[in-house]
Amino acid sequence: MSSSSEISSKPLKSRTRRTILKAGGTLLLSVITPMPAMASQLLAVRVWPSEDYTRVTLENDSNLKITNFLVKNPDRLVVDVEGIDLNSTLKDLVAKIQPNDPYIKQVRVAQNRPGVVRLVFDLKDEIKPQVFTLEPVGEYKYRFVIDLYPATPPDPIASLIQKGNWPKDQQADSRPPMADAKPDTPPPAAQADDAQIAKMAPNDPKLQLTRMITIALDPGHGGEDPGAIGARGNREKDIVLSIAKRLKKKIEEQPNMRVMLTRDDDFFVPLGMRVKKARKVQADLFVSIHADAFVQATARGSSVFALSEKGASSAAARWMANRENSADQIGGVNIQTHDRQLASVLLDLSTTAQINDSLRLGKSVLDEIGGINKLHRGAVEQAGFAVLKAPDIPSILIETAFISNPEEEAKLTDNAYQDEMASAIMSGIKKYFAKNPPLAKNKMT
Ligand SMILES: [Zn+2]
């Protein structure tokens with residue numbers, strides 16, 4: 001396919017350094033030269049395989065210059081990294097590629113020329129690579145990221161069918177075509193208030209019973225982004241995935257509900273992509289699952305958040321939204337493609353109806369969670385969470401408990417508590433739909 005770049009033969013950084021050393025005297029140079037002091041330090045290599053894409057991260061103490069190109073027959077991705085020498089950290093990459101990696105068969109690592117290491121990824125399939133660097137953020141130094149996306153992106157509905165999570169009689173083609181924009185589709189239960197819905201319900205019982213409800217479940221963080229970390233080392237990303245999987249099972253037991261997870265494994269999904277996935281499957285609800293953290297270990301209790309149109313409902317809610325919205329920086333997005341993706345998701349549609357529905361859903365879920373854990377606040381809070389910005393899907397973000405509170409960290413890792421939390425969210429969702437029956441999805445059918 002496209003071979004995108006040239007193999008650079010520009011002088012390496014070490015040349016400048018050497019010039020400086022020369023000024024210090026020939027003797028010094030001869031002493032210093034054998035030491036690899038010029039090469040920057042590769043700190044870690046990480047691999048995050050998933051069906052969506054496989055990510056390889058090289059973390060380094062300074063920025064690296066990278067070139068890459070694709071080779072056909074067989075498919076390979078060649079990546080040249082300038083400014084480092086082959087070391088054991090880099091060699092570890094070879095063993096980190098799992099046999100079941102969806103996209104990488106194996107990787108070969110070799111010193112290509114002085115100061116340049118070449119990585120050759122033998123591919124299982126044709127891929128579209130995205131190669132980019134990330135500035136230091138949080139705990140991370142410079143990260144060099146190689147994302148291997150499938151040349152043909154999987155259809156989220158097709159993969160639901162494949163996993164048995166989408167009834168065959170309701171396949172994609174029996175549903176309306178999915179445009180990115182759906183200006184003709186009213187937000188579910190948006191324009192009608194409770195009284196109106198109550199009046200409408202008896203007239204159309206069949207429609208309510210037969211229409212499948214699709215829930216998008218969004219376990220926060222993942223991959224490079226661990227989320228908050230408890231004093232005992234438990235990571236938010238693992239806990240919320242576990243709770244989400246429990247909730248997924250419970251949703252699947254409902255006769256009229258199906259579920260889509262924005263991630264079902266330990267990999268990072270950009271915030272905008274989570275919203276996009278939910279819209280792709282025309283989700284009726286979007287439920288993002290997190291665990292809270294605060295500097296003071298005494299902070300405790302569960303909270304539920306909805307989007308806000310005009311500022312946050314409290315300083316704490318604003319702080320929380322900022323923290324959750326920083327996931328993209330830590331998880332790592334390619335800003336060149338990211339803005340384009342977001343533009344197609346965040347349409348300039350009014351979100352008032354969405355927010356009203358989200359507040360109702362949030363209240364229903366918060367009431368149920370109040371039965372199993374203390375509430376951080378007694379009401380649904382609001383702030384500008386990026387992940388809640390689907391203009392046409394009622395969306396809430398649940399902070400299940402404070403992972404920074406030792407007592408609640410213990411709860412969060414407890415199977416029974418995780419299950420209770422999943423059950424509470426489930427009954428909150430059911431009670432919401434009992435009061436706000438899903439309307440006919442669209443006028444096209
Ligand atoms: Zn979080």
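All of these numbers come straight from a predicted model, not from anything done at the bench. For ligands, and for the atoms within them, numbers begin at 1 and follow the listed sequence.
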Worksheet item: With the Zn ion (ligand 1) as the point of reference, which N/O/S atom of His290 is the closest?
Response: ND1
Fill in: Atom of Glu236 closest to the Zn ion (ligand 1), considering N, O or S atoms
OE2
Worksheet item: Any luck finding a side-chain donor-acceptor pair between Arg143 and Thr57 under 3.5 Å?
Response: no
Item to complete: Establish, yes or no, whether the cationic atom of Arg360 lies under 6.0 Å from the six-membered ring centre of Phe433 and within 45° of the ring axis.
Response: no
Practice prompt. Fit a plane to each ring of Phe402 and His376, take the angle between them on a 0 to 90° scale, and name the class: parallel (under 30°), tilted (30 to 60°) or perpendicular (over 60°).
Written response: tilted
Discussion item. Regarding Glu252 and Lys248, does a basic nitrogen lie under 4.0 Å from an acidic carboxylate oxygen?
Written reply: yes
Practice prompt. Could you tell me whether the Zn ion (ligand 1) has an N, O or S atom of Glu324 under 2.8 Å away?
Written response: yes
